[in-house]
Structures are given as C-alpha cells and as structure tokens.
K.L.:
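Below are the structure tokens for one structure; questions will follow.
Values in this document were obtained by computation on a predicted structure and should not be read as measured data.
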Amino acid sequence: MNSDETTPKDGAGDVPVYEEATTASAKKRAKDSALRGDEAVHGDGTVASARDRDDDGTAASARDRDDDGTAASARDRDYDGVGAVGLVPLTTLVRTKIANGWNWLEEMLTGRYHATYGLAVTRILIGITGLGLILTNFNARHYTFGVGSAWNGEIAAPKSDFPNIWLFSLFHRAVTVPPLFTAMMIGLAVLAVVIILGWRTRIVLPFYLVLWVSFIELNDGAGDQGDNAYRMFLIALLFADTTRRWSLDARRRARSPRFPETDGGSWRWALIMANNLAIVVLAFQVCAIYMSGGLYKAGGAAWQHGFAVYNPLHTQQFGTWPVLSDLMTAWGPMVVAISWGSILFQCAFPFMLFNRYTRIVGLLGILSFHLGIALLMGLPWFSLTMIAVDAIFIRDRSFAKLAAYLRHWWTSTAPRAAGGTGAKAGR
C-alpha cells in the first residue's frame with residue numbers, strides 16, 4: 001500500500017475511504033488513482049473514482065445526471081435522453097443566426113441616425129458646388145446656356161429628354177427671354193445659398209433639384225459626367241436628414257425638447273431608416289463610380305503603360321495651368337506612379353472602407369486624386385461633388401473631435417488676440 005493511503009475505519013462499510021494528497025496535482029492524482037485501483041465499486045458493478053462520486057456515493061455528478069439519475073451528460077444526450085452527440089439542431093442554429101442578423105440590421109437601420117456630420121458636409125459642399133458653377137458661368141450665361149447658344153440647335157430641338165418633360169422645362173421656356181432667364185439663375189443661386197445654410201432643407205431641396213436639372217440640361221455640350229453624379233446625389237439626399245448638424249434647422253429644432261433623441265414622434269423610425277438607406281445608396285453610387293472608372297482605365301493601353309496622365313495635361317482643354325502641367329510631367333516615374341496609383345485607389349477604394357486604418361489611407365488618397373483633377377485639369381466642380389459625398393465615410397466621432405478642437409482653438413486664441421490689441425493700444 002502506498003504511503004498516502006490510510007486503512008479503512010471500523011464500521012465504515014464495504015467502501016474504503018482514502019485521503020487524497022493535497023500537494024499532488026490533479027493530473028498526478030488521476031494517474032496514481034488509476035495505478036492504485038483508487039475506485040469505488042457500485043452495487044451494479046460500475047466503477048467510479050472519488051472525484052466522480054457525489055456525497056451519497058453514486059458515480060454520476062450533478063452535471064452528468066439526468067432527472068432520472070442516468071449518467072449521460074447534457075452535452076452528450078439527445079432530447080430523448082439517449083446518449084448521443086448532443087449538438088443543437090441545424091435548423092435551430094440557422095433560425096438563431098437569421099434572427100440575430102435581422103435584429104442587427106433593424107438596429108443599424110432604425111436605431112439611430114448615421115453620418116450626421118458627414119451628411120452636413122455633403123449638403124454644404126453640394127450647395128457650394130451649385131453656387132460656384134452658377135457664379136463662374138454667370139457672365140457668359142447667355143452664350144453658354146441662353147439665347148447666345150441658339151446656334152447649336154438645342155433651343156429648338158433639345159438633345160436631352162428633360163426639356164420635353166413639363167416639370168424640368170422651366171428654364172427651357174424662359175431661355176428666350178433674357179431678363180427672365182437671368183432672374184431664374186439668380187433664384188437658383190439663392191436656393192443654393194439656402195441649402196448651404198441648412199434652412200428648411202427638406203422643403204427647399206426638391207425645388208432646387210427640379211430647377212437645377214432644368215438649368216443644366218439647357219446645353220448638353222456644356223455638361224460632363226460630374227453633372228450626372230450631382231443629379232444622382234441630389235435624388236438620394238431628398239430622403240436624408242442633412243440638417244442635423246451645422247445648419248439653421250438644427251438650431252431651430254434644438255429649442256424643442258424632443259430634439260435630437262425623440263424628434264419625429266411615432267414615425268421617427270421611418271425617418272431614421274430613410275436617412276440611413278440614403279447613406280447606403282450614396283455609398284453604393286460612389287463606389288460604383290470609382291470601380292467602373294478604375295476598371296475602364298485599366299483596359300486602356302495608355303494607362304497600362306503608365307503615361308495616361310501626361311496626355312490630358314498637355315491639351316488646351318484640360319491643361320489649364322501649363323507651368324504646373326510641365327512640373328508634374330517632367331519626371332517619368334512620377335507620371336507612371338500617378339497613372340497606376342489612380343487606378344489602384346479607384347479599384348481598391350470600396351474594399352479599403354472595411355477597416356479603419358485602410359479607410360483613412362483610402363480617403364486621403366482619393367482626396368488627393370480629386371484635388372489633382374480640380375487643380376491640374378480645371379474640373380473643380382466635379383471634384384467637389386465627389387469629395388462632398390466621400391464625407392459620409394468619415395465617422396461622426398472624428399468630426400466631433402475636430403469640431404471640439406476647432407472650438408477650443410477659437411476660444412483659447414480670442415482672449416490672447418484681444419489682450420494683444422489692448423497691450424498695443426496702451427503703448
């Protein structure tokens with residue numbers, strides 16, 4: 001008998017009782033117990049070790065016994081009590097996963113407003129884009145869109161189908177009356193300013209969309225793909241709440257105790273879902289534009305060989321800054337890097353959004369891409385339109401931190417500036 005065993009006590013019965021060594025590990029005790037025959041024999045001939053016996057000497061622990069005393073564990077039993085591989089039925093797992101996914105989707109779509117700061121930036125930049133395009137073409141309005149462009153035949157027979165639709169034919173009807181046409185352009189510019197300020201945007205934005213499409217379709221040759229993207233983004237923004245931040249509407253609604261957590265009443269969930277679905281549509285449109293553009297470029301020989309950027313920068317139409325064009329194209333490897341880099345960023349942009357750090361790289365890269373187009377190719381309004389919608393990919397937390405930093409900087413520098421002025425005045 002080993003030294004750690006004790007003799008049975010008198011009157012203890014047929015089952016010997018042993019003391020377990022307190023210093024031995026669980027693994028060693030199990031091994032020693034098996035070598036010593038440290039088991040208890042039940043009445044039915046089954047064998048159970050000391051650690052597997054209950055206080056009453058039975059060989060099944062509480063976790064391993066059914067209600068009727070059988071020794072099959074819960075994980076090894078089927079629902080009929082027969083010992084089996086006790087897995088949850090596949091149908092139950094599928095239903096659980098579907099239910100969890102549905103709950104997550106419902107929470108994402110109707111739980112709260114997403115990209116509130118990003119949509120505010122989108123609204124402001126969209127308004128600035130429309131205002132800037134009107135102002136830059138105002139002096140030449142009659143030659144670009146009005147009676148001075150009658151030689152192209154679009155006043156008599158428009159190439160676009162929009163002027164043939166009553167709702168979008170307002171500018172086309174007024175184009176032959178120069179004073180009325182000028183007044184309508186000024187009114188459109190005023191609506192753009194109202195959108196920038198964010199005043200009654202849900203009411204103003206539909207009128208702005210109708211008038212904008214009517215205006216921009218006067219001359220099909222004066223537009224570009226940026227106008228199409230602008231129009232698509234405006235349609236999606238009709239369903240979004242773009243004035244929850246940085247707007248006059250937000251200041252007005254802030255006086256109500258229901259804003260911003262309970263505004264909308266019983267239909268709040270529908271308003272939230274419309275806003276979030278509009279974000280999904282905008283994100284899809286932007287990603288589709290980038291992907292299709294990148295794949296189209298990748299199929300061209302000039303882009304494959306890396307000199308595609310050189311050609312447009314040295315044309316009269318797009319080479320708006322010849323000095324900058326020469327500077328950017330003077331070094332061959334830079335031309336190749338810009339050409340191939342634009343394709344890579346455009347094609348990889350949708351996939352870079354799934355991770356926070358790659359999203360930062362992707363947004364900075366695409367911002368540089370659009371700034372280059374705006375500066376070097378003379379397409380500022382197209383670039384500003386795309387940058388406006390890219391803002392929805394920046395988290396509200398990042399915008400809030402930036403706003404807090406700017407607010408702190410403003411409040412901390414204002415007293416110093418006033419003190420400096422007062423000190424100079426005292427001298």
K.L.:
Is the shortest side-chain heavy-atom distance between L327 and V323 below 4.5 Å?
P.N.:
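Side chain of L327 against side chain of V323, heavy atoms only: no contact under 4.5 Å found.
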
K.L.:
Does atom CD of Q304 have more than 12 heavy-atom neighbours from other groups under 6.0 Å away?
P.N.:
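Result for CD/Q304: enclosed.
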
K.L.:
Less than 4.5 Å apart, any side-chain heavy atom of L238 and any of P206?
P.N.:
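Yes, at least one pair of side-chain atoms sits under 4.5 Å.
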
K.L.:
Got a sec, which residues hit side chain to side chain contact (heavy atoms under 4.5 Å, CB included) with W104, two or more places apart in sequence or on another chain?
P.N.:
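Expected list: M108.
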
K.L.:
For the residue pair L376 and T320, establish whether any side-chain heavy-atom pair is separated by less than 4.5 Å.
P.N.:
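No, too far: nothing below the 4.5 Å cut-off.
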
K.L.:
What about F393 and F349, are their ring centers closer than 6.0 Å?
P.N.:
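They qualify: ring centres under 6.0 Å apart.
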
K.L.:
For a side chain to side chain contact (heavy atoms under 4.5 Å, CB included) with L234, tell me which candidate from V210, I126, V213 qualifies.
P.N.:
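Among the candidates, only I126 passes.
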
K.L.:
Count the heavy atoms of every other residue, nucleotide or ligand shown that sit under 6.0 Å from CZ of F284, and state whether that count exceeds 12.
P.N.:
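Atom CZ in F284 is not crowded, with 12 or fewer foreign heavy atoms closer than 6.0 Å.
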
K.L.:
Examine distances only and state if a side-chain atom of T329 and a backbone atom of S325 form a donor-acceptor pair shorter than 3.5 Å.
P.N.:
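Confirmed, T329 side chain pairs with S325 backbone.
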
K.L.:
Check whether any side-chain N or O of T92 sits under 3.5 Å from a backbone N or O of V88 as a donor-acceptor pair, and report yes or no.
P.N.:
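Not confirmed, T92 side chain does not pair with V88 backbone.
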
K.L.:
Please give me the minimum heavy-atom distance between V281 and A236, naming the atom from each residue.
P.N.:
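Smallest heavy-atom distance, with atoms named: CG1-CB, 4.1 Å.
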
K.L.:
Under the side-chain contact (heavy atoms from CB on, under 4.5 Å) criterion, do R95 and T91 qualify, and how do the steps go?
P.N.:
CA-CA 6 Å; R95 287 198 300 268; T91 55; 3.8 Å; yes

K.L.:
Under the rule for side chain to side chain donor-acceptor pair (under 3.5 Å), what residues qualify as partners of T116, not counting sequence neighbours?
P.N.:
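Result, side chain to side chain donor-acceptor pair (under 3.5 Å) vs T116: R245, D396.
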
K.L.:
With no hydrogens and no angle check, is any side-chain donor or acceptor of H408 less than 3.5 Å from a backbone partner on A404?
P.N.:
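No: the side chain of H408 does not pair with the backbone of A404.
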
K.L.:
State which residues pass side chain to side chain contact (heavy atoms under 4.5 Å, CB included) with I196; sequence neighbours excluded, sorted by chain then number.
P.N.:
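Per chain and number, I196 pairs via side chain to side chain contact (heavy atoms under 4.5 Å, CB included) with I124, I128, L131.
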
K.L.:
Distance check, rounded to the nearest 0.5 Å: K401 atom NZ versus F399 atom CZ?
P.N.:
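One gets 13.5 Å once the value is rounded to the nearest 0.5 Å.
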
K.L.:
Give a yes or no answer on whether the side chain of N137 reaches the backbone of L133 with a donor-acceptor pair at less than 3.5 Å.
P.N.:
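Yes; judged by distance alone, with no hydrogens or angles, the pair exists.
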
K.L.:
Where the side chain of N276 meets the backbone of L109, is there a donor-acceptor pair that is under 3.5 Å apart?
P.N.:
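Yes, N276 side chain to L109 backbone: donor-acceptor pair under 3.5 Å.
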
K.L.:
Do S160 and L218 make a side-chain contact, defined as non-hydrogen atoms from C-beta onward lying under 4.5 Å apart?
P.N.:
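S160 vs L218: side chains apart.
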
K.L.:
For F382, enumerate each residue passing the ring pair (Phe, Tyr, Trp, His ring centres under 6.0 Å) test, keeping only those at least two apart in sequence or located in another chain.
P.N.:
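Testing F382 for ring pair (Phe, Tyr, Trp, His ring centres under 6.0 Å), a comparison that skips the adjacent residues, returns none.
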
K.L.:
Assess the pair F369 and F345: is the distance between their ring centroids shorter than 6.0 Å?
P.N.:
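No - the distance between ring centres of F369 and F345 does not fall below the 6.0 Å cut-off.
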
K.L.:
Quick one: are M377 and L313 in side-chain contact, heavy atoms under 4.5 Å?
P.N.:
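Yes, close enough: below the 4.5 Å cut-off.
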
K.L.:
Looking at every heavy atom in both Y208 and G130, which two are closest together, and how far apart are they?
P.N.:
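That would be OH-CA, 3.4 Å.
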
K.L.:
Look up atom CG in L135 and atom CG in N139, then write down how far apart they are to the nearest 0.5 Å.
P.N.:
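Atom-to-atom, L135:CG and N139:CG are 9.5 Å apart.
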
K.L.:
Is there a donor-acceptor contact under 3.5 Å from the side chain of S292 to the main chain of I289?
P.N.:
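Flag set: sc S292 to bb I289 pair under 3.5 Å.
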
K.L.:
Considering non-hydrogen atoms only, spot the tightest contact between L119 and A240 and give its length.
P.N.:
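Closest approach of L119 to A240: CD1-CB, 4.1 Å.
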
K.L.:
So with a 6.0 Å cut-off around OH of Y310, is the heavy-atom count from everything else above 12?
P.N.:
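Open.
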
K.L.:
Report, one line per pair, each donor and acceptor closer than 3.5 Å where one atom sits in a side chain of residues 148-156; sequence neighbours left out.
P.N.:
from: S149; atom 1: OG; to: G146; atom 2: O; distance (Å): 2.7
from: N152; atom 1: OD1; to: E154; atom 2: N; distance (Å): 3.0
from: N152; atom 1: ND2; to: S149; atom 2: O; distance (Å): 3.2
from: E154; atom 1: OE1; to: D220; atom 2: N; distance (Å): 3.2
from: E154; atom 1: OE2; to: D220; atom 2: N; distance (Å): 2.9

K.L.:
Do Q285 and V389 come close enough that some side-chain heavy atom pair is under 4.5 Å?
P.N.:
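Q285 vs V389: side chains apart.
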
K.L.:
Can you establish whether the number of heavy atoms outside H314 located under 6.0 Å from its atom NE2 is more than 12?
P.N.:
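Yes - once you tally the heavy atoms of other residues, nucleotides and ligands closer than 6.0 Å, there are more than 12.
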
K.L.:
Grab the two heavy atoms, one from C347 and one from P350, that are nearest each other, plus how far apart they are.
P.N.:
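Looking at all heavy atoms of both residues, the shortest contact is O-CD, 3.6 Å.
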
K.L.:
Is the closest side-chain heavy-atom distance between L271 and N275 below 4.5 Å?
P.N.:
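Result no, sub-4.5 Å side-chain heavy-atom pair not found.
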
K.L.:
Which residues pass the ring pair (Phe, Tyr, Trp, His ring centres under 6.0 Å) test with F233, not counting sequence neighbours?
P.N.:
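So F233 forms no ring pair (Phe, Tyr, Trp, His ring centres under 6.0 Å) with any residue.
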
K.L.:
May I have the step-by-step check of side-chain contact (heavy atoms from CB on, under 4.5 Å) for W410 and L406, ending in yes or no?
P.N.:
CA-CA 6 Å; W410 178 262; L406 293 177; over 6 Å; no

K.L.:
Partners of A174 by side chain to side chain contact (heavy atoms under 4.5 Å, CB included), sequence neighbours excluded?
P.N.:
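Applying side chain to side chain contact (heavy atoms under 4.5 Å, CB included) to A174 gives L180, M184.
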
K.L.:
What residue pairs, at least two apart or across chains, pass side chain to side chain donor-acceptor pair (under 3.5 Å) with a residue in residues 180-204?
P.N.:
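Applying side chain to side chain donor-acceptor pair (under 3.5 Å) to every pair that reaches into residues 180-204, excluding sequence neighbours, yields R141-T182.
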
K.L.:
What are the two closest heavy atoms between H142 and P178, and how far apart are they?
P.N.:
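For H142 and P178, the tightest heavy-atom pair comes out as CE1-CB, 3.6 Å.
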
K.L.:
Strictly distance-based, threshold 3.5 Å: is any side-chain N or O of R123 a donor or acceptor partner for the main-chain N or O of W246?
P.N.:
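Yes; at least one donor-acceptor contact below 3.5 Å.
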
K.L.:
Over 60° means perpendicular and under 30° means parallel, so tell me whether F181 and F171 are parallel, tilted or perpendicular.
P.N.:
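F181 and F171: perpendicular rings.
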
K.L.:
Between OG of S247 and CD1 of I195, what distance do you get to the nearest 0.5 Å?
P.N.:
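Here the interatomic distance stands at 12.5 Å.
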
K.L.:
For the pair F168 and L211, evaluate side-chain contact (heavy atoms from CB on, under 4.5 Å) and give the outcome as yes or no after the intermediate values.
P.N.:
CA-CA 7 Å; F168 300 102; L211 290 176; over 6 Å; no

K.L.:
Which residue pairs pass the salt bridge (charged side-chain N to carboxylate O under 4.0 Å, His left out) test when at least one of the two sits in residues 339-350, sequence neighbours left out?
P.N.:
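Matches after skipping sequence neighbours: none remain.
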
K.L.:
Could you note down all residue pairs passing side chain to side chain donor-acceptor pair (under 3.5 Å) where residues 370-390 supplies at least one of them, sequence neighbours left out?
P.N.:
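Listed by first then second residue: Y290-H370, Y290-D390.
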
K.L.:
Got a sec, which pairs hit side chain to side chain donor-acceptor pair (under 3.5 Å) with one end in residues 163-180, sequence neighbours left out?
P.N.:
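Side chain to side chain donor-acceptor pair (under 3.5 Å) check on residues 163-180 returns S169-R173.
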
K.L.:
Does D249 offer a backbone N or O that forms a donor-acceptor pair with the side chain of T243 under 3.5 Å?
P.N.:
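Not a single qualifying donor-acceptor pair exists.
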
K.L.:
Is a side-chain donor or acceptor of W212 paired with a backbone partner of R231 at a separation under 3.5 angstrom?
P.N.:
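No, because the side chain of W212 does not come within donor-acceptor range (under 3.5 Å) of the backbone of R231.
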
K.L.:
Strictly distance-based, threshold 3.5 Å: is any side-chain N or O of N219 a donor or acceptor partner for the main-chain N or O of T144?
P.N.:
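Indeed, once roles are kept as given, a pair shorter than 3.5 Å links the two residues.
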
K.L.:
Can you check whether R395 reaches S398 side chain to side chain, under 4.5 Å on heavy atoms?
P.N.:
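They are in contact (side-chain heavy atoms under 4.5 Å apart), so the answer is yes.
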
K.L.:
Could you check C287 against L353 for side-chain contact (heavy atoms from CB on, under 4.5 Å), going step by step and ending with a plain yes or no?
P.N.:
CA-CA 10 Å; C287 293; L353 297 175; 4.0 Å; yes

K.L.:
Any idea which heavy atoms bring V309 and P312 closest together, and the distance?
P.N.:
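Distance-wise, the nearest heavy atoms are O-CD, 3.4 Å.
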
K.L.:
With rounding to the nearest 0.5 Å, note down the distance linking OG1 in T129 to CD1 in I134.
P.N.:
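Reported value, rounded in 0.5 Å steps: 11.0 Å.
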
K.L.:
Output the distance between atom OH (Y117) and atom CZ (R397), rounded to the nearest 0.5 Å.
P.N.:
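Here the rounded value is 12.5 Å.
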
K.L.:
Which residue pairs pass the side chain to side chain donor-acceptor pair (under 3.5 Å) test when at least one of the two sits in residues 354-369, sequence neighbours left out?
P.N.:
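Passing the test, one end in residues 354-369: no pairs.
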
